[in-house]
Amino acid sequence: MKYVSTRAGSAGDAAPIGFLDAVLAGLAPDGGLYVPQIWPTLTTEEIAGFAGKPYAEVAADILSRFAGHEIPHDVLLEMCAEAYGTFTHAATCPIKQLRPGQFLLELFHGPSLAFKDVAMQLLGRLYDYALSRQGRVMTVVCATSGDTGGAAVEAFRGRANTRIVALFPEGRISEVQRRFMTTAADANVACLSVEGTFDDCQTLVKGLFGDDQFRRAVDLTGVNSINFARIVAQAVYYFTAAVALGAPKREVAFCVPTGNFGDAFAGWVAKQMGLPIGRIIVATNSNDIMARAFEDGRYARGVVAATQSPAMDIQIASNFERLYYETARRDGVETSRAFRAFTETGVLDLPPAALATMKELFSGASVTEDETARTILSTLNETGEVIDPHTAVAVAAANRATLPDGMPLVILSTAHPAKFPEAVQAATGAAPPRPASARRLDGKAERFDRLPADAETIKTYIRDFART
Ligand SMILES: *Cc1c(COP(=O)(O)O)cnc(C)c1O
């Protein structure tokens, strides 16, 4: 199985590469995103066969269709068993009924209590596998507004072939989020509290990748949500949830709290592979670029507003380029033109045919701050479930949806409420219960360095760290 860039065919495009190379590369050198040359498909018998299987086995099966012969099946199985062995729920990603026909898919039972663990735990092990065979050590950098940093540190700490540097904006992430990163005692972890905003952190990281000499010197790599392995790992729970609710005999709908569009795109992938998904509702907070795109056909950058669901405070949804490429009949030249223009102008008008194809599966819904808080409270009162603000955005969107009779709706629950105690407390008057993985951070020493938002200072720091 080879991977092509969404900008293939344009001037200076990237050549097709194998699965592990695509994983280590993250972004393609032509600025595009990697997608498989051909989407693998499953028969209805194969999908039905997932019923009752352990999560790790389904994950290994699906991953093997993308990794091809590059990773032996027993190795994949062991990797998945280890990755999902870190989850505290025996079902890994359990579903829980909320109301008639409405279900929560709990994706937050991993080590950092957010759904990013599902993909990141696997990614850490894929990196180890690929790099140990090449005798290579890479430096993972990630800028985080909260959840990604914790999940990345948990996934990469203590690994022999990677070191991880997490940059977060000083004073702008919650204490729980910070402690998930800074309490890791492993020597291959560096946490940087940057005197600036999240945008400053992202700009700094982009600058590191833009400096060829520096990039080679520390063998830099990124693990943000455009990494193709993260998408594949996220497609798995669409299968396990849908099969538990009657697929492939029955169509199932999903509602996804969305920021960078990686999670929602993973649903598109599952459908492409043969899973009967009737609808995907893309739920956003007031940062509604994706909801607007599906509504009026105009993908247009807005000003980022801070909300109670900070992991979705994004006004450029990087993974949307993948959906655009697919609905533009895989025309890499057109995709390259469209997204280069978008970078310049901040606006992309979707071709009517592409928009129509997107709308066959996707619809958008944006949810205000008030509605989010009210939904946390009403969900507690009506169902007894305490939900986090990201999940609440999706529950609010789901409550508005009209679906064909008998089609179950699965709402992706992306964070444990204990990760956002202030928002839950404000909405319900009570702090959410704290699971053991949050309590274990109490009293642990924190380790991080404070640095100015200055590219040269950060480079020097990382160079020194990479030498140790
Ligand atoms: C990252 C994140 C999201 C958004 O996922 P995307 O793949 O970026 O759309 C939603 N909820 C939580 C809690 C997250 O951490």
Side-chain angles (χ1 to χ4, degrees), residues 33 93 104-121 123 142-155 168 173-174 176-177 180-181 198 202 223-238 254-270 280-285 287-291 293-294 304 307-323 362 364-367 372 376 387-397 411-421 423-424 432:
L33 281 68
C93 301
L104 274 187
L105 172 56
E106 294 184 346
L107 304 174
F108 53 68
H109 294 284
S112 79
L113 302 179
F115 98 101
K116 302 224 164 38
D117 289 324
V118 179
M120 211 66 94
Q121 282 296 318
L123 201 60
C142 106
T144 182
S145 59
D147 284 347
T148 308
V153 167
E154 280 294 338
F168 59 88
I173 62 172
S174 78
V176 194
Q177 288 178 320
F180 267 115
M181 292 182 264
F198 172 59
Q202 265 194 317
V223 291
N224 59 13
S225 76
I226 53 101
N227 194 298
F228 186 71
R230 285 184 60 177
I231 304 285
V232 178
Q234 290 166 17
V236 175
Y237 46 70
Y238 283 88
F254 288 87
C255 183
V256 187
T258 295
N260 231 335
F261 197 64
D263 212 4
F265 184 73
W268 181 92
V269 170
I280 297 177
I281 301 164
V282 173
T284 69
N285 61 27
N287 298 290
D288 59 350
I289 180 167
M290 285 315 305
F294 293 128
V304 178
T307 72
Q308 303 160 77
S309 46
M312 297 163 20
D313 291 349
I314 286 170
Q315 283 284 18
I316 301 179
S318 316
N319 278 288
F320 183 57
E321 181 166 337
R322 287 193 162 108
L323 182 66
F362 292 103
S366 84
V367 174
T372 305
I376 295 175
I387 56 172
D388 98 288
H390 302 78
T391 306
V393 165
V395 171
I411 300 161
L412 273 52
S413 182
T414 48
H416 192 290
K419 200 128 190 216
F420 298 94
V424 174

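In listed order, ligands and their atoms are each counted from 1. In this chain, numbering begins with 1 at the start of the sequence shown.
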Give yes or no for whether the N/O distance cutoff of 3.5 Å, strictly under, is met between T258 and ligand 1. no

Could you name the option among H416, M312, K116 that has the heavy atom nearest to atom 2 (C) of ligand 1? K116

Checking F261 against R322 for the side chain to side chain contact (heavy atoms under 4.5 Å, CB included) test, could you report, in this order, the C-alpha distance in whole Å, the side-chain angles of both residues, the deciding distance, and whether it holds? CA-CA 10 Å; F261 197 64; R322 287 193 162 108; over 6 Å; no

Any salt bridge between K419 and D147, counting N to O under 4.0 Å? yes

I'd like to know whether ligand 1 has P257 as a neighbour, heavy-atom separation below 4.0 Å. yes

CZ/F294 to CZ/F320 distance, rounded to the nearest 0.5 angstrom? 5.5 Å

Which is closest to atom 6 (P) of ligand 1 by heavy-atom distance: N260, L412, I231? N260

Within the 4.5 Å heavy-atom criterion, are M312 and T414 side-chain neighbours or not? no

Between R230 and N227, is there a side-chain donor-acceptor contact under 3.5 Å, judged purely by atom types and distance? no

Ligand 1 to A415, heavy atom cutoff 4.0 Å, flagged ligand atoms 13 (C)

Side chains of D313 and N287: do they bring a donor and an acceptor to under 3.5 Å? yes

Does any N or O atom in S225 lie less than 3.5 angstrom from one in ligand 1, N or O only? no

Ligand 1 to A311, heavy atom cutoff 4.0 Å, flagged ligand atoms 2 (C), 12 (C), 14 (C), 15 (O)

Backbone or side-chain N or O of D263 under 3.5 Å from ligand 1 N or O: yes

Atom indices of ligand 1, in the order listed, that fall short of 4.0 Å to a heavy atom of D147: 13 (C), 14 (C), 15 (O)

Proximal atoms of ligand 1 relative to G259 (non-hydrogen, under 4.0 Å): 4 (C), 6 (P), 8 (O), 9 (O)

Determine whether the side chain, the backbone, both or neither of F115 has a heavy atom under 4.0 Å from any heavy atom of ligand 1. side chain

Ligand 1 atoms in contact with F261 (distance to a heavy atom under 4.0 Å): 6 (P), 8 (O), 9 (O)

Can you measure from CG (N319) to CE (M290) and round to the nearest 0.5 angstrom? 10.0 Å

Atoms of ligand 1, numbered as shown, that sit under 4.0 Å from any heavy atom of G262: 6 (P), 7 (O), 9 (O)

Test item: L104 and T391 side chains (from C-beta on) under 4.5 Å apart, heavy atoms: yes

Are any of the side-chain heavy atoms of F180 and V153 separated by less than 4.5 Å? no

